[in-house]
Structures are given as C-alpha cells and as structure tokens.
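The structure appears right after this line, and notes come after that.
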Amino acid sequence: MNKNRLAPYFILLFYILIIVLYHLFGYTGHFGFDDIHYAELAKDLLGGDLDSGDHYAYRFTLVGLTALSYLIFGISDFASSLPALAITILILIIVFNTLREHGLKTIILGLSLTTFSNWFLFYSDKLMPDIYVALSVIWALTILHRYKFKSDKNKAARHAILFTLALFFGFISKGTIVLVLPLLLFLLITDIIQKRDLKFWANSLISGLVLLALYLFTIWVLTDNVMERFDAIAGNSYLNRCSYDQQSLKILLKRVFIGFFELSIFQTLATGFIFVIAILFQKKGLRFFRINDSFSFFLVSAIILFLSSSFMTISANSYSPMCLDPRHYLFLLPVASIPASRIIADFLESKQHGLQMIIALLGSTVISIFLQGQTFILLYLPLLGLFALYFFARKSQQFQYLFITLFSVILLLIPLDMVRYARKVKYRVQREIVMEQVLDNNSAFMIVTNEVQKRLLSYYSGFDEEQSSRFLSYEEIEAEKVGGKQMLLLLNWYTRYLSGMDANDLPYYARDT
C-alpha cells in the first residue's frame, strides 16, 4: 500500500534527476551576451547599484535570485544555474500535482512531455528569464484551476491574491507575460457570460491594482520616475530582424500566419499541441470552450496561448508579434503537457481519438520533412509509427506500459543529441583551461579574443574592473592604441561561433597563426 502511495513521488524524483543529470552532462555554458549581462547586473545589485536606464535591470526575479545565489556561493556557473534549476523543478512539481489524481500513466506522460522537450531542458539551467515566465503562467493557471474546480468557492480572496502574485512574478521577470492577456480576457468574459466566479475576478482586479500601485511606488522610490521601467524599454529598443512593425507587410504576414507554426514544428514546441488540437476535430468540439470542467480548462488555455503566441502584439503602439526564438515560448510547454497527457492516456485505455491524432501526427511528419534539422527522423516519424502501431494492435496492459516507455524514449532522442553536442563542446574543459592559462597565470598580458570570450573572461574574474581591463575583443584592439604592451591571443572555436563569426571573419593575425 505504501509503495503505491510513494510511486508517484518516485516518478517525480526521476524527472528531477533528469534535470540534474542534464545539467551535469549537457551544460554548454553561456551565450555570452544577455546572460552575462544579467550576471553583471546581479553583481552590481549586491553592491547596491541599480542601472535605472537598463530595462534588463527591472527583471527583478532573475537578477534578484541570481544576486542571492552569488551572495551565498560566489560568482560561478553553479550559482548562475541554481535559480533556474530551482524554477524548473518547481514547474515539474506543479505539473505533477495537477496530474497526480489521474494516475501514474498520466503523470509519466505529462512529465515526459514537459521535461523531455529539448528547449525546456536546454533552458533549465540557463541564466535567462524565460523559464521564470513559464513558472508564472503555469502557477497562475493552476491556482485559477484549483479555485474553479477544486475549492468550495469560499476562499475567493485568497485564491485571487495568489493568482495575481503568480502573474506579477511573470511581470517582473519579462515582458513576454503579456502573451497571456488574451487567455485571461477569454476566461473572464466566459465567466461573466455564465455568471460564475465573479467574486474571484473582482478580488483579482483589486489585488492586481494594489500590486501594480506598490510596484510603481517602488520604481518611483528607486528612480524618481514612476514610469522609468517603460521609459527604459523604449530607450533600449532598436531596429532588428524582429521589428515587424518596421518591415514590409509580406514579412509581417509570413511571421503571423506561417512563421510561428513552422517554428513550433521545427523546434518541437508543437509536440503536445499535436494531441491537443487533434481532439477538436470531432462533433461538438467547440463545447470545450465553455470551460465546464478541469480538462477543458487546460485544453482551451493551451490553445489560446498557442494562438496568442502567433498573433498577439507585444508593442502597445504598433502591431509587432514576438520574435521567433523558441526560448520566448517555453511557457507553452507545461501548459500543453497537462491536457495532452490526459488525451494520450485516454487513447491508451480506449483508443479514443486515435484516428485524429494519427492524422495530426502524419501532417506534422510531412511538414517536418521540408524543415531543417532531425525532427523528422528523431521525433515525428517515430511518434507516428508508435501511435499507428498501438491503434491497430490488440489492447493489453503490458503494451500500454511499453507504449509509455517508447513514447518517453522517443521524446528523449533530441535531448540526447543535445547532450552529444555538449560533450563535443566541452564547455567545462574550456573554462578550466582559460582559468588556468589566462586568469591564474599571465596576469601581465593583455588578452585578445572574440567578444563572447572576452565577456566570459570578465565573468570568470568576478567582473573585477582591474582584471576586465586586460581583455580586448578584436574590434577593440584595432581601435585602441596598445602599442608596447605584451599581448596574448586566445582562440576558441565555440565562443567564436557564439560571437557570430566564422574563421574568415577573424583578423589576419588570428586567422593565420
């Protein structure tokens, strides 16, 4: 009896262990730009400094938790990764708690869909704010879900405060939390039409306004300008490939109607949504949008968030959708995994909606043939074969567990390929060599290298200004007068790649050593 009670928790521990093992064996270090900038902001925060003109400085959850980690452990890769790892584990716990009542099979399916998504794993230990937004969204939705379907409705104020705190957590993490607004508006309008849970929404509005007022007051105290964060965002904006409002209508339409859907399949963001969307193709499929039960709540939430990610603007004064980078959409993965796992579990028990899912998988498989990468051979084709085989096979309990095992293994194939690449990069070996050869020795030399390696050297030295002045990029060495100083050239193919350079972009003296 006790073993049966403990089994779900052992399953959860297994997936947490996967997160830890990926960090140990699949860690590829830092990008060298935004993440190192967050690290420096965290270091400055420890010294009591806040750059009010830098909109990144207002991502208080990321900068604050990283600063706390640095205070305890010092500036290191472990301290940089620890907050993100903790946030990732919290997401898994939330998914687990939401699915626990639906049985071991559903738990395994849901945690596999979340954990084994390659980008979820990749950013599980990165010094970036996107995993924080993912926690905010799934946390807020599960609070609302608990109030609507698990509570006695006598604690509306309590749930509303927790709900707004969860959303506020995302607001002070990154602006992409705005993508949840269409979903919140839909849920609110649906409840108004059906005259339900209005007390919750009223309390949420009040607590949200109070939190916003406290936040703006804090900004005013820190900067003497209540709108400083928004002024900083406007001041730090620049024309780039994601400035869709500044580009042609053709580029904008391609981004809105093709780009995000292509990205979702190419970058495997669509895996859970394949099953979510498939079951809408049935008689009375629109009934789910009434949100009369727990399943339809998460199903509709996933669908609206997916559509919002494609169509929603992130600009208040123009129509400009979010940039096509998978990290911005990590919040979709845990939300979609909840209804998708229940759909697949129903398929295992009664082969329900099997034909719709096979057709959806077939469509994704065909599309993936024309995309770059290995998603066709490593993900969609194996999933199509597995579902088709089970659909036509005789149902048995043993085959169900075999199906779940193979399903999880297939989802793991791309992450395992990422681990293989990480072993090739050998980031930790690179760091040890640099620490030993550059920082611990040769202190009298100027170090010439690429931009990312230069920034990493500054990070490794704890952003010591005296040390950092020794590190120069190729562009700086050409622009400054450094004659008479002893210099060393540090070459690294991986950081050169992260700097956006190939071998031909190197200066002659670095290219022909």
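If you read the sequence from its start, that first residue is 1, and numbering goes on from there.
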Checklist entry - Under 3.5 Å, is there a donor-acceptor pair between the side chain of S461 and the main chain of S458? => result yes

Checklist entry - Can H328 and K174 be counted as having a side-chain donor-acceptor contact under 3.5 angstrom? => result yes

Checklist entry - Looking at the rings of F306 and Y329, which for Trp means the six-membered one, are their centres under 6.0 Å apart? => result no

Checklist entry - Of V137, L305, I314, which is the lone residue that meets side-chain contact (heavy atoms from CB on, under 4.5 Å) with L179? => result I314

Checklist entry - When rounded to the nearest 0.5 angstrom, what is the spacing between CD1 in I447 and CZ in F445? => result 8.0 Å

Checklist entry - Are Y123 and T88 linked by a side-chain donor-acceptor pair shorter than 3.5 Å? => result no

Next on the checklist: Between I410 and L386, is there a side-chain heavy-atom distance shorter than 4.5 Å?
Outcome noted: yes

Next on the checklist: Pairing donors with acceptors under 3.5 angstrom, does anything connect the side chains of N450 and S499?
Outcome noted: yes

Item to check | R59 side chain to Y132 side chain, donor-acceptor N/O pair below 3.5 angstrom | outcome: no

Checklist entry - Do H30 and D77 have side-chain atoms, one donor and one acceptor, less than 3.5 Å apart? => result yes

Next on the checklist: Taking the ring of Y494 and the ring of Y427, is the distance between their centroids below 6.0 Å?
Outcome noted: no

Next on the checklist: What's the separation between atom CG in L361 and atom CZ in F387, rounded to the nearest 0.5 Å?
Outcome noted: 6.0 Å

Item to check | Interatomic spacing from CZ in F171 to OG in S136 - rounded to 0.5 Å | outcome: 11.0 Å

Next on the checklist: Could you tell me if R428 sits above the aromatic ring of F78, with its cationic atom closer than 6.0 Å to the ring centre and no more than 45 degrees from the axis?
Outcome noted: no

Checklist entry - So, E228 versus N225: side-chain donor-acceptor pair below 3.5 Å or not? => result yes

Item to check | Whether T271 side chain and T268 backbone form a donor-acceptor pair below 3.5 Å | outcome: yes

Next on the checklist: I want to know whether Y22 and F122 have ring centres closer than 6.0 Å.
Outcome noted: no

Checklist entry - In Å, rounded to the nearest 0.5 Å, how long is the span from OG of S320 to CG of D245? => result 4.5 Å

Next on the checklist: Are the side chains of H23 and L85 in contact, using a 4.5 Å heavy-atom criterion?
Outcome noted: yes

Item to check | Separation of M227 CE from I219 CD1 (nearest 0.5 Å) | outcome: 10.5 Å

Checklist entry - Are a donor atom and an acceptor atom from the side chains of S315 and S318 found within less than 3.5 Å of each other? => result yes

